[in-house]
2 protein chains.
Amino acid sequence: MGIFAAMEKMPLFHGLDREQIQELFRHSGAQRRTYTRGEMVLRAGERTSRLGLLLSGSVHVIREDFWGGRTIVGVVEAGDVFAESFALAGEPLEVSVFSPGEAEVLFLDAEAAGVYSGRFTVNLLALMAGKNLALTRKMGHMARKTTREKLLSYLSAQAIRAGDASFDIPLDRQQLADFLAVDRSAMSAALGKLRDEGILEFRKNHFHLLRRHPEEMGEEELGC
Amino acid sequence: MGIFAAMEKMPLFHGLDREQIQELFRHSGAQRRTYTRGEMVLRAGERTSRLGLLLSGSVHVIREDFWGGRTIVGVVEAGDVFAESFALAGEPLEVSVFSPGEAEVLFLDAEAAGVYSGRFTVNLLALMAGKNLALTRKMGHMARKTTREKLLSYLSAQAIRAGDASFDIPLDRQQLADFLAVDRSAMSAALGKLRDEGILEFRKNHFHLLRRHPEEMGEEELGC
DNA sequence: AAAAATCAGTTGTTTTTCCAACGAAAGAGG
DNA sequence: CCTCTTTCGTTGGAAAAACAACTGATTTTT
């Protein structure tokens with residue numbers, strides 16, 4: 001039973017020892033299942049009150065549109081939680097979860113687990129809060145209309161986070177383009193232009209924002 | 001003390017009676033404060049372990065970029081909760097909260113409150129899960145590159161939600177354009193084109209998706 | 001009922017992005 | 001040292017979006 005050792009390190013079980021985790025499982029209808037290549041873990045439209053915890057392997061979260069087209073909206077790695085928002089909001093699943101290979105999933109009822117461990121609930125809250133923040137941040141960047149503005153929004157946020165006009169970013173160009181949902185080459189051009197205009201310096205993943213040009217960003221007036 | 005009547009109806013306090021709410025406040029360091037026109041409720045960079053519950057009035061959530069430009073990222077109405085993600089994730093605030101008029105805010109420590117009422121925590125989880133879902137859905141639409149694809153993504157999701165190819169949407173054109181972060185007139189043109197191509201029918205806020213043209217959407221292959 | 005305001009569609013122009021292809025630079029491995 | 005590969009910047013043409021301005025229709029106000 002090596003899985004408990006791994007679990008103690010998962011954010012979801014922070015502060016809980018092996019004993020408490022086992023106790024939790026016993027009382028919260030925890031269920032373990034393995035999946036093989038091509039199996040569906042959860043289907044869109046179903047309702048579930050249990051969240052999924054991926055113990056090993058990886059699964060894909062996919063969304064199907066009105067005409068049957070499929071898109072991968074996320075890849076879940078070992079240790080990650082999935083379907084928790086649907087379970088907790090009590091909404092039917094809007095995505096399906098698909099196992100492209102071998103995978104091992106633990107399902108557990110959040111509410112029941114919470115009753116047995118306040119700590120678990122707090123961990124879950126923190127986890128969801130983190131996801132929420134990431135989504136909100138990304139949204140702030142993506143909501144801008146031009147590639148240039150998306151870049152400035154992203155880089156500005158990174159600078160503020162770093163507390164320094166000089167900072168590194170954890171994404172290469174292609175990943176950044178994907179993250180902002182823009183074309184890589186267009187983004188590259190926009191970066192070059194920003195550099196030419198003296199707003200920005202960069203080399204590889206290191207960026208430096210310059211303090212000039214305060215009139216650059218879209219400063220929406222706050223109607224007092 | 002008419003505020004308790006209103007609170008009993010807030011999602012955050014569902015299932016709790018007046019007694020329990022008062023009990024909760026007594027033990028969770030609840031603090032009430034009023035703000036006047038122009039006051040800052042919370043400042044970016046601060047840390048807080050308490051979430052804000054707006055009792056009356058409205059406040060603006062604003063984000064400041066590297067150069068000092070400000071953008072309104074959200075308007076909080078009475079009954080809404082704010083700053084909860086930062087409080088629960090333990091991250092410093094990335095936004096400021098500003099009171100454009102009279103407002104009354106109740107601050108409360110989620111963790112402490114949770115200890116006194118498991119129900120409160122479950123409500124909070126449901127609330128955050130709902131926000132999360134809304135964000136994820138919106139992201140799915142905004143991540144598409146063209147206005148046409150954003151529209152199809154949004155409308156497809158609405159049709160699936162309604163369980164019917166015929167459905168109403170709760171937004172007018174300008175609101176929809178803002179929601180998808182596109183230009184209204186360009187969106188209008190895209191809608192017209194979709195209608196001409198027989199993919200879509202609509203009148204006012206009523207839409208009808210047609211089953212043909214399965215090759216329309218961006219069907220990304222799932223590399224099984 | 002008339003006037004005003006709001007909303008949605010259209011058009012024309014400018015700007016920006018997308019796409020595909022190319023080439024230079026940097027890195028990995030033999 | 002050389003080749004193979006990946007990454008990144010650049011370019012040019014086609015497509016799309018942004019923007020501004022206008023019209024007609026509908027709704028609200030007076």
Looking only at side chains, do A/D168 and A/H206 share a donor and an acceptor under 3.5 Å apart? yes

Atom CD of A/E149 and atom P of D/dA17 are separated, to the nearest Å, by 17 Å

Considering all heavy atoms, the nearest A/S85-B/A129 contact: O-CB, 3.4 Å

D/dA17 C1' sits how many Å from B/M187 CE, rounded? 13 Å

Given atom CG of B/L176 and atom P of C/dT6, what is their separation to the nearest angstrom? 20 Å

Output one line per pair: protein atom, nucleotide atom from nucleotides 7-9 of chain C, and distance, for all N/O pairs under 3.5 Å.
from	atom 1	to	atom 2	distance (Å)
C/dA8	OP1	B/R173	N	3.4
C/dA8	OP2	B/R173	N	3.2
C/dG9	OP2	B/R173	NE	3.0
C/dG9	OP2	B/S188	OG	3.1
C/dG9	N7	B/R184	NH1	3.1
C/dG9	O6	B/R184	NH2	3.0

Quick one: B/L194 CG to C/dT10 C1', roughly how many Å, whole number? 16 Å

Rounding to a whole Å, what distance do you find between A/M142:CE and D/dA17:P? 16 Å

Most 5' of B/V182 and A/G192 on DNA chain D, judged by nearest nucleotide: A/G192

Using 30° and 60° as the class limits, which term best fits the ring planes of A/F107 and A/Y35: parallel, tilted or perpendicular? perpendicular

Here the distance between atom P of D/dA17 and atom NZ of A/K145, to the nearest Å, is 13 Å

Give the rounded distance in Å between these two atoms: NZ of B/K150 and P of D/dA16. 14 Å

Could you check whether B/D183 and B/S185, counting side-chain N and O atoms only, form a donor-acceptor pair closer than 3.5 Å? yes

Would the distance check show the side chain of A/S156 and the main-chain N or O of B/F66 forming a donor-acceptor pair, the cut-off being under 3.5 Å? yes

Please say whether the positively charged group of B/R195, taken as NZ for Lys or CZ for Arg, lies over the ring of B/F202, i.e. under 6.0 angstrom from the six-membered ring centre and within 45 degrees of the axis. yes

Expressed as a whole number of angstroms, how long is the span from B/D183:CG to C/dT14:P? 17 Å

Taking only side-chain N and O atoms of B/T147, does any of them lie within less than 4.0 angstrom of OP1 or OP2 on D/dA17? yes

